[in-house]
Protein chains: 2
Amino acid sequence: MKPTIYDVAKKAGVSIATVSKVINNTGRISEKTKNKVWKVIGSLNYQQNVIATALTGKHTYTIGLLIPDLSNLFFAELARSIEDRGNELGYNLVICSTDYNPDKEAKYIELLKRKNVDGFILASGFENTLEVEKLIAEKYPVAIVARDVPAFNVNAVCIDDFQGGYDAASYLIELGHQKIAIIARDVWSNRERIRGFRKALEDHGGIREYAFSQFTLESNVPWGKKIALDYLNSPDPPTAFFACNDLLAIGAIEAIREKKLRVPEDISVVGFDNTVIATIIDPQLTTIAQPIQNMGREVMDLIVAEIKGEKQYKSRIVLNTKRIVRDSTTRLKKERSISKQKSNA
Amino acid sequence: MKPTIYDVAKKAGVSIATVSKVINNTGRISEKTKNKVWKVIGSLNYQQNVIATALTGKHTYTIGLLIPDLSNLFFAELARSIEDRGNELGYNLVICSTDYNPDKEAKYIELLKRKNVDGFILASGFENTLEVEKLIAEKYPVAIVARDVPAFNVNAVCIDDFQGGYDAASYLIELGHQKIAIIARDVWSNRERIRGFRKALEDHGGIREYAFSQFTLESNVPWGKKIALDYLNSPDPPTAFFACNDLLAIGAIEAIREKKLRVPEDISVVGFDNTVIATIIDPQLTTIAQPIQNMGREVMDLIVAEIKGEKQYKSRIVLNTKRIVRDSTTRLKKERSISKQKSNA
DNA sequence: TTGAAAGCGATACCAC
DNA sequence: GTGGTATCGCTTTCAA
C-alpha cells in the first residue's frame with residue numbers, strides 16, 4: 001500500500017501532527033525535526049493524498065472545464081492552452097464536452113460539484129445563463145471564456161468581436177471590395193462581429209451592405225459551402241466573403257472552386273479564429289485571429305486568483321483580435337471596379 | 001453549505017448509518033424508512049460527496065488520460081470518444097498533454113495517483129515503457145490506446161498498422177502505381193505500416209521498392225512538404241505518395257502543387273488516420289482510417305472492466321483500419337505506364 | 001517545539 | 001431493521 005502520514009510519523013519517531021506541519025511548512029518545527037521527517041518522506045517515497053487533504057476543507061487542485069466539443073479544433077486548442085497554464089499553476093482539468101446541450105451541462109456541473117472541483121471554467125457556448133448564476137450564487141469560483149458573457153457580474157475572458165468584424169470589413173474595403181457577403185451562425189458573438197462589420201461599412205463612406213441571406217445552422221464546412229453557393233448563384237454575386245469562422249471560410253472556398261472561380265483572384269475570403277487549419281488549407285486563409293493562447297492563460301489566472309481568494313471582485317478581460325493576412329485575399333481587380341463604375345455612371 | 005449525510009439523518013430522524021444504507025441500497029431497511037430518507041434527500045437536495053466516499057476506499061470515478069497533445073486533432077478526437085464512453089459509464093477524465101516528454105508524463109502520473117484516480121489510459125506516444133510497468137506493478141488499472149504496445153502483459157487497444165500499410169500499398173498498386181514514395185516519422189507504428197507496405201509490394205509480383213530517403217522529425221504539414229519536395233526533385237520522381245498521417249499527406253499535396261503538378265491527375269496521395277481534416281482539404285484525401293470512435297469506446301470499456309474487477313486477465317484488442325477512397329488518388333495515366341514499359345523493353 | 005484529539009463526510013462492522 | 005462507532009488520511013486547535 002501507499003505510505004501514509006502515519007508510516008512517516010512512526011518511522012521518524014514523531015507524531016502525525018508534526019509530519020503534517022513539516023509537509024505544509026506551518027507551525028514551528030525545529031530544523032532538526034524537519035530534516036529528519038523530510039528524509040523519511042524521501043526514503044518512503046511518501047506522497048500526500050489529495051483526497052484526504054481535500055476532505056479537511058482544502059482544495060482539490062482540479063478545475064472543471066465545460067466546452068461544447070473537444071473534437072472541435074478551436075476548443076481543443078483552447079483547452080490545451082488552459083491546461084498548460086493550469087499545469088504551471090498546479091491544477092488539473094476535468095474536461096467535459098456538452099454539445100451545446102444545457103441538460104448535459106447541468107449534469108456535468110452536478111457531478112463535478114460532488115467531486116469538489118475548486119472551480120469551473122465555462123466555455124460552453126449556449127445562451128442559457130441559469131447554471132452560471134446558480135454556481136455563482138453558491139460561491140463557486142467561475143470564469144467564462146470564449147462565450148457570450150452574461151450581463152451579471154462574473155469573471156470572463158473574451159475577445160472584442162465587434163473589433164474583429166470591423167477589422168475584417170475594413171481590410172476588404174481597403175482591397176477595393178464593396179460587395180462582401182457574410183457567412184455566420186446565429187450566436188451572440190457573431191452578431192457582434194456583424195455589427196462591427198456594418199460599422200466599418202458605414203465609416204468607409206456608407207458602403208451599401210451586401211444583401212444578407214441567412215444564418216448557418218452549424219459552423220462547419222458544408223454549411224459554409226451551402227450558403228456561399230447561394231450567394232454565388234445570385235444575379236449579383238459578391239467579390240468577397242467574410243466568414244465568422246475558419247471552417248465556414250473553407251466551405252466558401254470550396255463553393256467558389258465549384259463555380260470554377262479562383263481564390264483570391266476572383267473572390268477573396270476572410271475567416272475567423274485562426275485555428276491551425278487556416279495554414280493547412282490551400283490557399284492559406286486570411287483570417288481574424290483569436291488569441292487562443294492568451295485566452296487560456298488569462299482565464300486560468302482569473303479563476304486561480306479567485307480560488308486562492310486573492311481577488312474579491314470580478315474582472316472582465318477583453319482581448320484584441322489580430323488580422324492575419326495570408327493568401328485567400330487580394331485587391332479587387334481593376335477591370336471589375338472600372339466596369340462597375342461605368343455601369344454606375 | 002452543502003448538506004451532508006448528517007443533515008439528512010437529523011432531518012429524517014434516523015442515524016447516518018441508515019442514510020448511508022438507503023443511498024447505497026445495502027443492508028436491510030424498511031420501505032417506510034427508505035421513503036422517508038429519500039424524501040429528505042430530495043428536499044435538502046443532498047448530493048453524495050465523492051471525495052469522502054473515495055476516502056473510505058471507494059472509487060473516484062475519475063480516470064487519468066495521458067495524451068501527447070490535446071491540440072492535435074487526432075488526439076482531440078480520440079479524447080472525445082473516450083470521454084463520451086466514460087460519460088455513459090459514469091466516469092470523468094482528467095486530461096494531461098505530455099508533449100511526448102517522459103518527465104512530464106511521470107510528473108502527471110504522480111499527481112494523478114495522489115488524486116486517487118481509478119486508473120490510467122495511456123495514449124502518450126513515446127517508447128519509454130518504464131512508467132507503464134511501474135503502474136502495473138502497483139496494481140493500477142492501466143490501458144493503452146493508439147500507442148506502441150509494450151511486450152509485457154497490459155490492456156491495450158490498437159489498430160493493425162501492418163494491415164493499414166498493406167492496404168494503402170495494395171490500393172495504389174491496383175491503380176497502376178509502381179513508384180510509390182513513403183513519408184513517415186520514425187515511430188513504431190509507422191515502422192509497422194511500412195512493413196505492411198513492403199509486404200504488399202512483394203505480394204504483387206515483387207515490385208521494386210521506391211528509394212526511401214529519410215524519416216520526418218515531426219508529423220506535420222511542413223515536414224510532409226519538405227520530404228515530398230525532395231522526392232519530386234529527384235531524377236526519377238514517384239507517381240504516388242503514401243504518407244503515414246493526414247498532415248504529412250497534406251504537405252505532400254502542397255509540394256506537388258508547388259511543382260505545378262496536379263493531385264490526383266499527375267500524382268496520387270494516400271494519407272493515414274482519417275481525421276476530419278481529410279474531408280476539409282481540397283482535394284479530399286484518400287486515407288486509411290483509424291476507427292477512432294471504436295478505439296475510444298473499447299479502451300474505456302477495458303479499463304472500467306478492470307476497475308470494477310470484472311476481469312482478471314489483460315486483453316489486447318486489435319482493430320482493423322479501413323480504406324477511405326476520396327479524391328486524392330486515381331489510376332496511373334496510361335501513357336506513362338506505356339512509355340515506361342517501352343523503356344523497359 | 002511537539003503531540004493528543006477533534007473533525008472533514010462517508011462506509012461498514014457489529015451490537016441490539 | 002436500525003444505530004453506535006471505528007476508520008479512511010489529513011489538518012488544525014489547544015495543551016503541555
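Model, not experiment: these values are computed from the prediction. Per chain, numbering begins at 1; letters A, B, ... match sequence-line order.
In this view, B:K58 satisfies the salt bridge (Lys or Arg N to Asp or Glu O under 4.0 Å) rule with no residue, not counting sequence neighbours. The ring-ring contact (aromatic ring centres under 6.0 Å, His included) check on B:Y91 picks up B:Y61, with sequence neighbours excluded. B:F74 meets the ring-ring contact (aromatic ring centres under 6.0 Å, His included) test with no other residue; sequence neighbours excluded. Listed by chain and number, the residues in a salt bridge (Lys or Arg N to Asp or Glu O under 4.0 Å) with B:E133 amount to none (sequence neighbours excluded). Contacts of B:Y46 classified as ring-ring contact (aromatic ring centres under 6.0 Å, His included), with partners at least two apart in sequence or in another chain: none. Not counting sequence neighbours, A:E218 has no partner by the salt bridge (Lys or Arg N to Asp or Glu O under 4.0 Å) test.
Among residues at least two apart or in separate chains, salt bridge (charged side-chain N to carboxylate O under 4.0 Å, His left out) pairs with a member in residues 19-33 of chain B are B:E31-B:K34. Listed by first and then second residue, the side chain to side chain donor-acceptor pair (under 3.5 Å) pairs involving residues 73-86 of chain A are A:R80-A:D84, A:R80-B:D69, A:R80-B:S97, A:R80-B:D99, A:E83-B:S97, A:E83-B:Y108, A:R85-A:E88, A:R85-A:D301 (not counting sequence neighbours).
Rounded to whole Å, the distance from CG on A:L55 to P on C:dC8 is 9 Å. Between the P atom of C:dG9 and the CG atom of B:L44 lies a distance of 14 Å, rounded to the nearest Å. Whole-Å rounding puts the B:I41 CD1 to C:dG9 P distance at 16 Å. In this structure, CG of B:N25 is placed 15 Å from C1' of C:dA12, rounded to the nearest angstrom. Per the geometry, NZ belonging to A:K113 stands 16 Å off P belonging to C:dG9, to the nearest Å. Atom-to-atom, CD1 of A:I51 to P of C:dG7 comes out at 23 Å; the value is rounded to the nearest Å. The distance between atom CG of A:N116 and atom P of C:dG9, rounded to the nearest whole Å, is 9 Å. As rounded to whole Å, 14 Å separates atom P of D:dG4 from atom NZ of B:K10.
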Can you give one letter per nucleotide of nucleotides 11-16 of chain D, 5' to 3': B if a protein heavy atom sits under 4.0 Å from the base, S if only from the sugar-phosphate, - if neither?
BBB---
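Across B:L112, B:I82, B:V117, a single residue satisfies side chain to side chain contact (heavy atoms under 4.5 Å, CB included) together with B:L65, and that is B:I82.
One end of the helix from C:dT1-D:dA16 to C:dC16-D:dG1 points its axis 50° away from the other end's axis, with each axis taken from 5 pairs and the angle rounded to 10°.
Rounding to the nearest 0.5 angstrom, the gap separating the NZ atom in A:K115 from the OG1 atom in A:T60 is 11.0 Å.
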Side chains of residues 5-13 of chain A: which donor-acceptor partners sit under 3.5 Å, not counting sequence neighbours?
unit_1 : atom_1 : unit_2 : atom_2 : d
A:D7   : OD2    : A:T4   : N      : 2.7
A:K11  : NZ     : A:S43  : OG     : 3.3

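Residues of residues 27-35 of chain B that place a heavy atom closer than 4.0 Å to DNA chain D, in numerical order, are B:R28, B:I29, B:S30, B:T33.
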